[in-house]
Amino acid sequence: MLGYYLRLALASFKRNPGLTALMVFAIALGISVCTITLSSYRAAARNPAGDRSGILFAPSIDSWDPDRAYEEYDKTLAPTMLTYRDAKALYASRIPDRKLIMYKSGGIYTRADKGMDPTYFTTRMTTADFFAMFDVPFLYGGPWDAGADEGPQPVVVLSKESNQKAFGGVNSVGRTLHWQDREFRVVGVLNDWDPTPKYFDVSNGAFNDMEGAYVPFAWGPILELGSHGNTNCWKTEVIENFQAFLNSECIWFAAWFELRTAEKQRAFRDFLDNYVVEQKKHGRFPRPLNNYLYDVDGWLKRNRVVESDNKAMLTLAFAFLAVCLVNTVGLLLAKFLNAASASGIRRALGASRRDIFWQHLTESGVVALAGGVMGALLGFAGIWALRAWYGRFVPEAPKVLPFEAANLLIVVAIAVGAGIVAGLYPAWRIGRAAPSSYLKAQ
């Protein structure tokens, strides 16, 4: 019967091409708006940590100005970054299964044999557990070990893109790069890796590109490498050298801890509180005790990776789709009633009310499917246009507005489902109509 209903639907479209096109366009317009907003929202709301989300934790301790809260929109929240001394103190804890401290730096890399042009690579100063904690894939070699952190040893891990620029993409493990007047030996090259959003460093941009190089954290103080990301300070201090800067109350470091059991999570929260209480005895942390330990999902929410504006826009987009569907209901009802005489004849020839209902509901579904496909195409065209426009000013535009097949399937499914719902009343109405009056008119 479905094939028969589809043939009847196509015949109906041919009789009323203008009205059919108007319905399809109404649905397509609503779906296109939903496609754009849904793509942006899903990109921001994604949690790329997967199953590890519940065992990876970022700390937040309130080391900020006693007279001014860190966040104006919520004065109960503590800073999202750490001072150097606090990062080192938390890193010294033996409670976590794995742990890391890090910050974003960078510099010009060259090769001693002049085999590459001097090239700037953003560089993540971090510790060995970074790669295991964030499940980083390797194309060649692997991460450095804990001994390289303690040395520190002059080793570097390159991204796949940086390895392409430096060595033409070949296995470069064992070769050297010149950086900061020192030779660093390549121990590993990453495979394609671009978690979006960049959950482990949202303070420096949730949609920023991955770093081009990774170097043991301890080289930062030795080479006096400042941050190439965010640095926030609140206290007036005399800073005459880099060591004084490290000892200041400026925050620019991040820390993550892998805590696999509830017991360790509780123990580490107690450790945070005890650490702050101890530091208060030395005149630090003038604000009330206000520590947090966020899992990945909580960290994304804390840093407002999904802003309330995103949610509002998504709500408005679906409200606009609802308006389009309400208009479609009216058009469907007018179209079905205009062809009611044909339905009356079918009823007189033996078709049941159920047959008439399913015939017209099938027609609604076909209209919705056409509108969904057209809307998805219009939506992706809109995404392409927005990416082209904003990409001139915002490098992260492709990540904020990604092309994803899953979004296409979602919006088409929404269109078909919504279109069928919209067609329920018109199909029911024409199915309930008495055929006698239409037969007399004929």
Side-chain angles (χ1 to χ4, degrees), residues 47-64 70-71 74 76-104 124-136 143 145-146 149-150 195 197-204 216-218 220 232 246-247 249-282 284-305:
N47 184 342
D51 294 339
R52 299 184 62 76
S53 176
I55 63 172
L56 298 179
F57 292 87
S60 176
I61 56 179
D62 205 340
S63 60
W64 207 242
Y70 183 73
E71 297 284 7
D74 188 343
T76 66
L77 296 176
T80 57
M81 295 182 290
L82 303 169
T83 67
Y84 176 75
R85 72 175 90 176
D86 295 333
K88 291 286 287 183
L90 299 187
Y91 183 73
S93 171
R94 297 182 179 274
I95 298 171
D97 299 288
R98 293 192 181 108
K99 54 190 176 180
L100 68 87
I101 49 176
M102 61 183 178
Y103 71 99
K104 182 179 179 180
R124 182 154 297 276
M125 313 301 297
T126 187
T127 49
D129 282 344
F130 174 91
F131 305 97
M133 288 176 65
F134 299 132
D135 200 20
V136 182
D145 57 22
D149 283 330
E150 295 171 2
K198 191 177 179 182
Y199 64 97
F200 57 84
D201 190 18
V202 293
S203 296
N204 288 311
F217 179 90
N232 295 322
L246 291 178
N247 292 333
E249 294 295 338
C250 295
I251 56 174
W252 44 298
F253 296 90
W256 281 88
F257 301 93
E258 185 173 319
L259 303 164
R260 299 173 190 166
T261 65
E263 291 75 13
K264 287 192 174 185
Q265 293 163 23
R266 285 193 296 269
F268 196 78
R269 286 188 174 92
D270 291 339
F271 170 77
L272 285 179
D273 290 343
N274 292 335
Y275 171 72
V276 172
V277 169
E278 180 62 28
Q279 289 297 303
K280 283 179 175 291
K281 297 177 182 178
H282 300 282
R284 299 186 66 222
F285 299 117
R287 295 178 65 83
L289 192 66
N290 187 30
N291 300 325
Y292 296 86
L293 192 61
Y294 297 95
D295 63 9
V296 175
D297 188 57
W299 189 243
L300 293 175
K301 292 177 181 177
R302 161 65 182 88
N303 287 275
R304 296 187 295 171
V305 174

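We count residues from 1, following the sequence as given.
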Trainee: Can you name the closest pair of heavy atoms from Phe285 and Asp62 and give their distance?
Mentor: CD2-O, 3.4 Å
Trainee: Measure the acute angle between the ring planes of Tyr103 and Phe217, then classify it against the limits of 30° and 60° as parallel, tilted or perpendicular.
Mentor: perpendicular
Trainee: Is the backbone N or O of Ala58 less than 3.5 Å from a side-chain atom of Trp299, with the two atoms forming a donor-acceptor pair by type?
Mentor: no
Trainee: Does some side-chain heavy atom of Asn291 sit less than 4.5 Å from a side-chain heavy atom of Ser60?
Mentor: no
Trainee: Any side-chain heavy atom of Pro197 within less than 4.5 Å of one from Leu300?
Mentor: yes
Trainee: Quick check: closest heavy atoms across Asn232 and Met81, and the distance to 0.1 Å?
Mentor: ND2-CE, 3.5 Å
Trainee: For Arg287, is there any backbone N or O sitting under 3.5 Å from a side-chain donor or acceptor partner on Lys280?
Mentor: yes
Trainee: Among residues at least two apart in sequence or on other chains, which ones pass side chain to side chain donor-acceptor pair (under 3.5 Å) with Asp295?
Mentor: none
Trainee: Can a salt bridge be assigned to the pair Asp270 and Arg266 using a cut-off of 4.0 Å between side-chain N and carboxylate O?
Mentor: no
Trainee: Testing the basics here: between Ala87 and Phe253, what is the closest heavy-atom pair and its distance to 0.1 Å?
Mentor: CB-CB, 4.0 Å
Trainee: Below 6.0 angstrom between ring centroids: does that apply to Phe134 and Tyr199?
Mentor: yes
Trainee: Determine whether a donor-acceptor pair (N or O, by modelled atom type, separation under 3.5 Å) exists between the side chain of Asn303 and the backbone of Val202.
Mentor: no
Trainee: So, for Leu77 and Asn290, which heavy atoms are closest and what is the spacing to 0.1 Å?
Mentor: C-ND2, 4.0 Å
Trainee: What do the steps show when you test Arg302 against Thr80 for side chain to side chain contact (heavy atoms under 4.5 Å, CB included), and what is the final call?
Mentor: CA-CA 9 Å; Arg302 161 65 182 88; Thr80 57; 3.5 Å; yes
Trainee: Walk me through it: do Leu100 and Phe130 pass the test side chain to side chain contact (heavy atoms under 4.5 Å, CB included)?
Mentor: CA-CA 6 Å; Leu100 68 87; Phe130 174 91; 4.1 Å; yes
Trainee: Passes side chain to side chain contact (heavy atoms under 4.5 Å, CB included), Trp256 versus Val296? Steps please.
Mentor: CA-CA 10 Å; Trp256 281 88; Val296 175; 4.0 Å; yes
Trainee: Please list, chain by chain and in numerical order, all residues satisfying salt bridge (Lys or Arg N to Asp or Glu O under 4.0 Å) with Arg98, sequence neighbours excluded.
Mentor: Glu258
Trainee: Walk me through it: do Asp135 and Arg52 pass the test salt bridge (Lys or Arg N to Asp or Glu O under 4.0 Å)?
Mentor: CA-CA 9 Å; Asp135 200 20; Arg52 299 184 62 76; over 6 Å; no
Trainee: Mark yes or no for whether Arg284, through its side chain, and Ser63, through its backbone, hold a donor-acceptor pair below 3.5 Å.
Mentor: no
Trainee: Check for a donor-acceptor pair, side chain of Lys104 on one end and backbone N or O of Asn204 on the other, with a separation under 3.5 Å.
Mentor: no
Trainee: Kindly write out the residues that satisfy side chain to side chain donor-acceptor pair (under 3.5 Å) with Tyr294, not counting sequence neighbours, or none if the list is empty.
Mentor: none
Trainee: What distance separates Asp273 CG from Leu289 CG, expressed to the nearest 0.5 Å?
Mentor: 4.5 Å
Trainee: Answer yes or no: is there a side-chain heavy-atom contact under 4.5 Å between Arg124 and Phe200?
Mentor: yes
Trainee: Quick check for you: to the nearest 0.5 Å, what is the distance between Glu263 atom CD and Thr261 atom OG1?
Mentor: 4.5 Å
Trainee: Indicate the atoms forming the closest heavy-atom contact of Lys264 with Leu259, along with that distance.
Mentor: O-CD2, 4.1 Å
Trainee: Between Phe257 and Phe268, is the gap from one ring center to the other below 6.0 Å?
Mentor: yes
Trainee: Using every non-hydrogen atom in the two residues, find where Arg269 and Leu293 come nearest and quote the distance to one decimal.
Mentor: NH2-O, 3.5 Å
Trainee: Contact between Ile251 and Leu82 at the side-chain level, heavy atoms closer than 4.5 Å - yes or no?
Mentor: no
Trainee: Quick one: does Asp86's side chain get under 4.5 Å of Tyr275's, heavy atoms only?
Mentor: yes
Trainee: When you measure from the side chain of Asp149 to the backbone of Ala128, do you find a donor-acceptor pair of N or O atoms at a distance under 3.5 Å?
Mentor: yes
Trainee: With a cut-off of 6.0 Å (strictly less than), are more than 12 heavy atoms of other residues, nucleotides or ligands near CG of Asp51?
Mentor: no
